[in-house]
Amino acid sequence: MRLTRWPDPLPAGIEVYRVDFDFDLEAETFAARQLLTSCERARADRFTRTADRVRFTQARAALRRLLAARAGCEPAEVPLASSPHGKPHLAWAGGSGPPFNLSHSGSHALIALGDERTVSEVGIDIEACGSDVDIEGIATLAFTACERDEVRTAPDPLQAFYSRWTGKEAVLKAIGLGVAEQLQSIGLHPGAHGRFTLACSVPGWTHFQAVALDAPTGYAAALAWRAKEST
């Protein structure tokens with residue numbers, strides 16, 4: 001497992017880290033396992049596929065290592081909890097701690113960490129871009145009419161599809177809601193420097209922002225966030 005910080009430029013107050021999984025070295029996964037809680041180890045053991053077990057173990061260990069460095073504690077002592085929709089958060093006794101989010105696909109994971117003084121929520125998504133995806137079928141269920149037209153007429157429909165898909169997932173993960181039932185509530189339209197223009201039918205979501213990330217070859221990735229309002 002290799003953990004590297006994403007190069008700037010990134011939105012102010014946000015750091016992104018990339019995890020490259022090592023599926024062949026059992027020692028890597030064993031070492032990562034030592035950073036998990038007993039409940040997380042039991043969860044890892046329930047995966048039937050070795051690759052899924054490695055992804056969960058190494059990604060969760062990397063997340064715990066980053067959060068522990070901020071909190072000044074051991075990785076296994078970081079108090080992780082989940083919302084009713086499955087969004088992980090810190091269960092500090094004295095406050096919420098830094099916002100964070102995690103996504104993994106294929107050989108990589110991405111972790112977003114926000115500065116709690118300036119960022120209230122973050123969401124991140126990475127997807128391996130399979131060429132056999134049913135673009136038209138998924139777009140009909142998940143994309144707005146405008147997005148479907150943009151994907152259909154794009155020079156590279158596959159890239160346009162995954163760019164919007166990861167953007168939508170990142171925004172919904174930042175909001176902290178389930179993905180499937182809310183995908184058409186958000187329309188994303190690419191702009192300059194990878195930034196998306198966000199068209200949203202839910203007034204409370206209009207303060208979120210999103211940007212496409214320069215993902216590894218064969219992948220698409222996006223970051224979403226909401227800045228704290230000045231007081």
Side-chain angles (χ1 to χ4, degrees), residues 1-8 10 13-83 85-116 119 122-130 166 169-170 173-174 176 213-223 225:
M1 176 183 70
R2 188 164 71 101
L3 179 65
T4 56
R5 183 171 173 175
W6 201 273
D8 289 331
L10 286 170
I14 298 176
E15 297 174 0
V16 173
Y17 294 85
R18 171 176 153 180
V19 182
D20 300 324
F21 298 126
D22 193 325
F23 295 103
D24 298 323
L25 289 178
E26 292 185 7
E28 286 281 351
T29 303
F30 179 82
R33 185 181 172 89
Q34 308 315 303
L35 305 181
L36 307 187
T37 64
S38 58
C39 290
E40 289 170 331
R41 293 175 196 164
R43 179 178 171 184
D45 292 340
R46 288 195 291 271
F47 287 105
T48 56
R49 296 177 65 242
T50 300
D52 293 333
R53 186 163 57 252
V54 169
R55 289 187 191 99
F56 174 81
T57 301
Q58 294 188 9
R60 185 57 68 99
L63 174 63
R64 283 190 166 278
R65 188 179 294 162
L66 291 169
L67 292 173
R70 289 204 176 190
C73 66
E74 293 299 318
E77 296 173 350
V78 174
L80 292 178
S82 296
S83 73
H85 290 283
K87 182 180 181 180
H89 61 89
L90 286 168
W92 295 125
S96 59
F100 66 92
N101 203 234
L102 166 68
S103 177
H104 58 73
S105 180
S107 299
H108 308 286
L110 295 180
I111 298 170
L113 294 177
D115 184 337
E116 65 267 34
V119 178
V122 294
I124 200 161
D125 189 58
I126 183 170
E127 298 287 344
C129 300
T166 55
E169 288 225 25
K173 289 175 72 178
L213 298 176
D214 188 14
T217 301
Y219 291 79
L223 170 71
W225 72 99

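Side-chain contact between Thr37 and Leu80 is absent, with no heavy atoms from C-beta onward closer than 4.5 Å. Between Glu169 and Ser103 there is no side-chain heavy-atom pair separated by less than 4.5 Å. Under the 4.5 Å side-chain criterion, counting only non-hydrogen atoms from C-beta, Leu10 is in contact with Leu213. In this structure, Trp225 and Pro99 have side chains that are not in contact, with every pair of non-hydrogen atoms separated by 4.5 Å or more. Within the 4.5 Å cutoff, no side-chain heavy atoms of Ile124 are placed close to those of Ile111. The shortest side-chain heavy-atom distance between His104 and Gln58 does not fall under the 4.5 Å cut-off. The shortest side-chain heavy-atom distance between Pro98 and Leu113 does not fall under the 4.5 Å cut-off.
Atom CG of residue Asp214 and atom OG1 of residue Thr217 lie 8.5 Å apart, to the nearest 0.5 angstrom. Distance check, rounded to the nearest 0.5 Å: OG of Ser82 to NE2 of His89 gives 6.5 Å. Taking CZ from Phe100 and CZ from Arg70, the interatomic distance works out to 11.0 Å, rounded to the nearest 0.5 Å. Atom CZ of Arg64 and atom CD of Glu74 lie 11.5 Å apart (nearest 0.5 Å). Between atom CD of residue Glu40 and atom CG of residue Leu35 there is a gap of 10.0 Å, rounded to the nearest 0.5 Å.
Looking only at distances, a side-chain donor or acceptor of Arg53 sits under 3.5 Å from a matching main-chain atom of Phe47. Between the side chain of Arg5 and the backbone N or O of Glu15, no donor-acceptor pair lies under 3.5 Å. The backbone N or O of Gly106 lies less than 3.5 Å from a partner atom in the side chain of Arg55, making a donor-acceptor pair. In this structure, Asn101 contributes its side chain and Ala112 its backbone to no donor-acceptor pair below 3.5 Å. Judged by distance alone, with hydrogens and angles left aside, the side-chain atoms of Thr166 form no donor-acceptor pair with the main-chain N or O of Asp125 at under 3.5 Å. No side-chain donor-acceptor contact under 3.5 Å links Thr57 to the backbone of Arg33. Arg41 places a side-chain N or O within 3.5 Å of a backbone atom of Leu36 that can act as its donor or acceptor partner.
Annotation for Ala59 and Ala109: closest pair CB-CB, 4.2 Å, computed over non-hydrogen atoms. Nearest heavy-atom pair, Ala51 versus Phe23, reported as atom, atom and distance to 0.1 Å: O-CE2, 3.7 Å. Here the closest non-hydrogen pair linking Val119 and Gly13 is CG2-O, 3.7 Å. Here the shortest heavy-atom pairing between Ala44 and Phe56 reads CB-CD2, 3.7 Å. Across Ala170 and Ala222, no two heavy atoms sit closer than the pair CB-O, 3.6 Å. Nearest approach of Gly123 to Ala174, heavy atoms of both residues: N-CB, 3.5 Å.
The side chain to side chain contact (heavy atoms under 4.5 Å, CB included) test with Phe30 singles out one residue from Glu26, Glu28, Gln34, and that residue is Gln34. Screening Leu102, Ile126, Leu223, Val19 for a side chain to side chain contact (heavy atoms under 4.5 Å, CB included) involving Leu110 leaves a single residue, Ile126.
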